[in-house]
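Worth knowing before you read on, the calculation uses all heavy atoms, side chains too, and leaves out hydrogens, waters and symmetry mates. Order of appearance sets the numbers: ligands from 1, and atoms from 1 within every ligand. Numbering of residues begins at 1 and proceeds along the displayed sequence.
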Amino acid sequence: MTANITREEAAKELEYLAKEIAKADSAYYQNDDPYLSDAQYDRLKHRNSDLEALYPELIRPDSPSKRVGASVKSAFAKVHLTFPMLSLGDVFSISEVKDFVMGVKRFLNTAEDIPFMSEPKIDGLSFSARYEKGIFVQGSTRGDGTTGEDITANLRTIRQLPLTLPHDAPDILEVRGEVYMSKQDFFALNEKYALEGKKTFANPRNAAAGSLRQLDPKITAERKLSIFAYTWGETSEKPWQSQDQFFEYLQHWGFPTNPNNTLCHTIADIEASFNHLMEIRASLPYDIDGVVYKVNSIALQERLGFLTRTPRWAIAHKFPAEQALTTINNIRIQVGRTGALTPVADVEPVNVGGVLVSHATLHNEDEIKRKDIRINDTVVIQRAGDVIPQIVKVLTDKRPTCSQPFIFPDKCPVCGSHAIREQDEAVRRCTGGLSCPAQAKERIIHFVSKDAFDITGLGEKIIDTFYQEGILHNPADIFTLEARNSGDDLFSQGRGLHLERREGWGPKSVENLFAAINAKRTISLPRFIYALGIRQVGAATARLLAKHYGSFNHFMTDMINKETAPLVAIDGIGAAMATDMVEFFQEPHNLAIINNLLTQIKVETFTDTGRTDSFFTGKTLVFTGTLTQMTRAEAKAKALEAGAKVSGSVSSKTDFVIMGADAGSKAKNAQELGITILSENEFLQKLSL
Ligand code: IVH
């Protein structure tokens with residue numbers, strides 16, 4: 001495939017790949033909402049490295065092969081961020097903003113207006129600058145949120161960043177914000193590069209990223225980078241009580257803050273600030289891609305707390321998507337690891353807001369029908385935020401006369417099994433289960449992927465070959481490879497696979513593969529749960545489950561017994577998800593693989609590293625009655641943060657019942673079972689222990 005691609009085509013494609021992979025990374029790492037399957041993601045990564053191998057001079061400064069969050073190692077030292085750098089939830093309409101504001105009020109149980117800070121969402125890269133005793137000591141990128149890259153030397157070159165702070169600054173202070181390149185500096189840089197015959201940058205964000213993530217800080221120094229500060233990380237003191245007060249401190253300490261940050265008292269203010277920023281967007285000297293709203297009061301922010309990776313007290317309101325016209329060359333059906341048949345449109349490559357787009361998701365069968373999307377149609381395509389391009393509408397007057405509606409297959413294009421739709425489901429699924437090569441293979445690929453077992457050396461190509469040749473049928477086979485290779489296992493009767501005799505392999509590479517596999521015979525609980533590939537269970541959910549159940553046995557037993565009540569009591573897990581989990585464990589195929597796996601490997605029990613010192617860590621709590629100092633949601637969030645499990649009903653497993661006013665039968669149950677009952681005040685006291 002790469003053999004006859006021209007240099008120019010490769011450059012275009014690399015630009016596209018860099019963007020796509022970065023978006024997928026951001027969806028995966030920051031928004032916890034991956035829209036690509038691991039296989040799709042790996043395909044992009046492989047394609048990128050193939051092209052880079054062919055044209056090394058085209059390796060981009062923002063190439064995914066240089067990125068953290070990608071499996072390729074970066075040459076920057078790592079920085080552990082004790083206060084994770086989080087991301088924000090996205091919304092695209094004012095009605096969703098209203099829902100968000102309502103949700104905040106509901107959580108705080110108040111009907112009054114809550115002031116919000118409205119801030120332009122700068123389209124750059126986030127940074128964290130650490131000061132100790134007023135001296136700049138360390139700079140970091142966000143990386144995956146908890147581990148960033150050390151960019152101290154690079155940040156130091158940015159003139160706007162103060163290197164020392166006034167004496168009243170906290171002894172330890174991490175100031176966070178955005179590094180960006182102004183439009184003017186971006187155009188000047190590109191002009192200079194074009195004259196010198198160098199590759200130009202696609203947009204200011206890429207230019208800023210490419211400039212900041214330079215191993216040689218001299219290059220960073222030559223590029224003109226700017227910053228805006230907007231939040232904090234670790235700090236030894238917190239004298240500010242609101243976001244606007246924090247901005248005053250920032251200015252006093254010498255940090256640039258955005259002049260368009262506006263305090264909003266009502267929804268109408270919020271809407272007005274959004275409209276204003278939309279209007280002035282083009283005339284601003286830097287790119288913004290939306291508006292961020294933050295609850296102004298720090299006390300309220302603290303009460304609201306965090307979801308898995310985003311704060312409950314802030315949201316990003318993104319600007320509307322960018323659109324372009326193109327034609328559909330083909331409609332393909334992909335089969336994922338859960339058997340879902342996903343239609344994808346291959347379109348004539350087109351530039352949408354600075355990114356070359358060559359395919360769009362069609363979501364599902366109904367979507368194709370509803371929009372009557374056909375091969376050869378001319379369509380409006382759009383990209384919005386971190387999502388895969390979508391088709392907005394078909395221009396039917398441009399439709400060829402011979403055009404036929406697209407017929408969605410009722411058989412799996414990979415294995416030929418029936419593909420059926422369950423009631424109320426939008427998705428058609430292959431019924432082949434693990435006998436469907438697409439599903440079986442994708443499942444193994446997922447199993448060894450980075451957030452699962454992370455077995456390097458078992459790439460998609462190898463899995464494909466091993467699957468076809470019957471060497472690997474399912475994840476459990478991975479751990480018997482070594483014994484089967486030498487013929488030491490029960491069944492091969494000494495014959496053995498002898499992978500080292502295969503083309504492209506040798507004793508050393510086989511040894512490395514087995515070492516990589518053996519290194520993973522002990523695995524953490526969140527990774528193991530995630531690796532199973534249960535529908536809807538992503539890395540963040542797996543972590544929630546691990547935290548709740550503590551051991552795999554506990555989780556599996558509940559699922560086999562269809563015990564979903566404790567599951568749905570977990571913040572972030574819904575009924576549909578619970579059903580998928582239970583169904584997974586009712587499938588004999590899955591149980592067989594799990595049991596087999598458990599004879600080969602050890603799954604660690606989970607102790608949450610977040611806060612092991614809390615009074616409630618590992619305890620199961622039940623709330624009942626009306627709480628007066630906080631809402632039920634808030635109480636539940638606090639308990640979970642403290643490492644407790646929260647259940648909806650009292651049982652012998654309950655450790656504490658927290659009783660509010662007019663508590664009903666649960667309190668009585670608790671008394672009968674001899675469970676300790678705590679008042680709301682006692683709960684709060686013990687939380688702060
Ligand atoms: S606040 C916990 N404020 O948007 C709050 N972020 O998707 C963390 N960004 O990673 C972020 N302008 O890179 C915040 N005024 C602003 C921002 C902003 C741009 C970026 C930042 C962050 C991403 C969130």
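Atoms of ligand 1 lying under 4.0 Å from at least one heavy atom of Ser87, given by number and element, are 7 (O). Listed by atom number, the atoms of ligand 1 under 4.0 Å from Glu119 heavy atoms are 3 (N), 15 (N), 16 (C). The distance from ligand 1 to the heavy atoms of Pro120 drops below 4.0 Å at these ligand atoms: 12 (N), 15 (N).
Judged by distance alone, with hydrogens and angles left aside, the side-chain atoms of Glu174 form a donor-acceptor pair with the main-chain N or O of Glu234 at under 3.5 Å.
Glu15 has no carboxylate O lying under 4.0 Å from a charged side-chain N of Lys12, or vice versa, which leaves the two without a salt bridge.
More than 12 heavy-atom neighbours from other residues, nucleotides or ligands sit within 6.0 angstrom of NZ on Lys105.
Ring pair Phe255/Tyr131 is perpendicular by interplanar angle, where above 60° counts as perpendicular and below 30° as parallel. In this structure, Phe246 and Trp232 have perpendicular ring planes: the angle between them is above 60°, well past the 30° mark. Ring pair Phe274/Phe319 is tilted by interplanar angle, where 30° to 60° counts as tilted.
Of the polar atoms of Ile122, at least one N or O is found under 3.5 Å from an N or O of ligand 1, judged by distance alone. For the pair Glu178 and ligand 1, the shortest N or O to N or O distance falls below 3.5 Å.
Using a 4.0 Å cut-off between heavy atoms, Leu88 contacts ligand 1 through both its backbone and its side chain. At a heavy-atom cutoff of 4.0 Å, ligand 1 is contacted by no atom of Ala314, backbone or side chain. Contacts of Lys121 with ligand 1, taken as heavy-atom pairs under 4.0 Å, involve both backbone and side chain.
Nearest to atom 10 (O) of ligand 1 by heavy atom, out of Arg142, Lys294, Gln243, is Arg142.
Ring to ring, Phe201 and Phe186 are not that close: their centroids are 6.0 angstrom or more apart.
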